[in-house]
Amino acid sequence: MNYWLFKSEPDAFSLDDLKAMKGKKDHWDGIRNYQARNLMRDDMVKGDLGFFYHSSCKVPGIVGVVEVVKEAYPDHTAWDPEGKYYDPKSSPDNPRWVMVDVKFRQKFSEVISLQKLRTVAKLDGMVLLQKGSRLSIQPVGKTHWDTIIKLSA
DNA sequence: GCCAACGTTGGC
DNA sequence: GCCAACGTTGGC
């Protein structure tokens, strides 16, 4: 059982958007960073849980929890020349990018803001809080996970 | 909108 | 394989 953090701009795709999807699930497409891809492809398994993080918005922070319900498979949005995630170097024969499916699990009663997270000593070392960190899929340690879940209660 | 930090690209 | 130039991310 692994824990993760999924970053998304709520203007593009929010936790509420996920909740509103059929089956409350969707594919996590558009990842175009090798480190993030490798985490999804190599380490993410069905049943893993992840925080849903809202970035580039008024109050950046963790808004809820999602579950990985399908493991990595080719990201077909890379093959659409009209799409904004098009990558000519990816093809069905040789897919360069992958995605997973995630399902809505929980929305916190209030956002646990980045500002708040920075004040919690137990979260020292969390990838999200490291300077210059902009990885869009991040691993979260169990201790950090539990600490944040407690904060949400 | 600014800008620091980071990843990627491509010439050499 | 180095590294300068460029594009992107994301908090503020």
Asks: Rounded off to whole Å, could you give me the CD-to-P distance for the A:Gln35 and B:dG7 pair?
Replies: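 Answer to the nearest Å: 7 Å.
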Asks: Do A:Pro139 and A:Asn2 come within less than 4.5 Å of each other through their side chains, counting heavy atoms only?
Replies: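 The answer is no; the side chains never approach within 4.5 Å.
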Asks: Determine: side-chain N/O of A:Lys7 to OP1/OP2 of C:dG10, distance under 4.0 Å, yes or no.
Replies: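 Affirmative; the distance criterion is met.
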Asks: For the side chain of A:Ser55, counting heavy atoms from C-beta on, which of B:dG7, B:dT9, C:dG10 is nearest?
Replies: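 Of the options given, the side chain of A:Ser55 lies nearest C:dG10.
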Asks: Can you tell me how far P of B:dG7 sits from CZ of A:Arg37, to the nearest Å?
Replies: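 Going from A:Arg37 (CZ) to B:dG7 (P), I get 15 Å.
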Asks: With A:Thr77 as reference, evaluate A:Arg32, A:Lys84, A:Met99 under the side-chain contact (heavy atoms from CB on, under 4.5 Å) test and give the passing residue.
Replies: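 For A:Thr77, the side-chain contact (heavy atoms from CB on, under 4.5 Å) test succeeds with only one of A:Arg32, A:Lys84, A:Met99, which is A:Arg32.
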Asks: Given C:dG11, B:dT9, B:dA5, which nucleotide is nearest the side-chain atoms of A:Lys89?
Replies: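 Per side-chain heavy atoms of A:Lys89, the pick is B:dT9.
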Asks: C:dT9 P sits how many Å from A:Lys84 NZ, rounded?
Replies: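 It works out to 9 Å between those atoms.
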Asks: Between A:Arg32 (CZ) and C:dT8 (P), how many Å, whole number?
Replies: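 For the pair A:Arg32 CZ and C:dT8 P, the rounded distance is 14 Å.
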Asks: If you check the A:Arg134 side chain, which of B:dT8, C:dC12, C:dG7 turns out closest?
Replies: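 That would be C:dG7.
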Asks: Under 30°, 30 to 60°, or over 60°: which ring-plane class applies to A:Phe13 and A:Trp28, parallel, tilted or perpendicular?
Replies: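 Geometry flag for A:Trp28 against A:Phe13: perpendicular rings.
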Asks: Quick one: is A:Tyr53 getting a side-chain N or O under 4.0 Å of the C:dG11 phosphate, OP1 or OP2?
Replies: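 True: A:Tyr53 side-chain N/O within range (under 4.0 Å) of C:dG11 OP1/OP2.
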Asks: Send over the distance from A:Ile137 CD1 to C:dG10 P, rounded to a whole Å.
Replies: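 It is 11 Å, rounded to the nearest whole Å.
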Asks: Could you state the atom-to-atom distance from CG of A:Leu135 to C1' of C:dT9 in whole Å?
Replies: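 It works out to 11 Å between those atoms.
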Asks: Measure from CZ on A:Arg96 to P on B:dG7 and round the result to the nearest Å.
Replies: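 Computing the A:Arg96:CZ to B:dG7:P distance gives 17 Å.
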Asks: Write down the distance between CG (A:Leu129) and P (C:dC12), rounded to a whole number of angstrom.
Replies: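 Roughly 11 Å, once rounded to whole Å.
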Asks: What orientation do A:His76 and A:His27 show, parallel under 30°, tilted 30 to 60°, or perpendicular over 60°?
Replies: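 The arrangement is perpendicular - the two ring planes meet at more than 60°.
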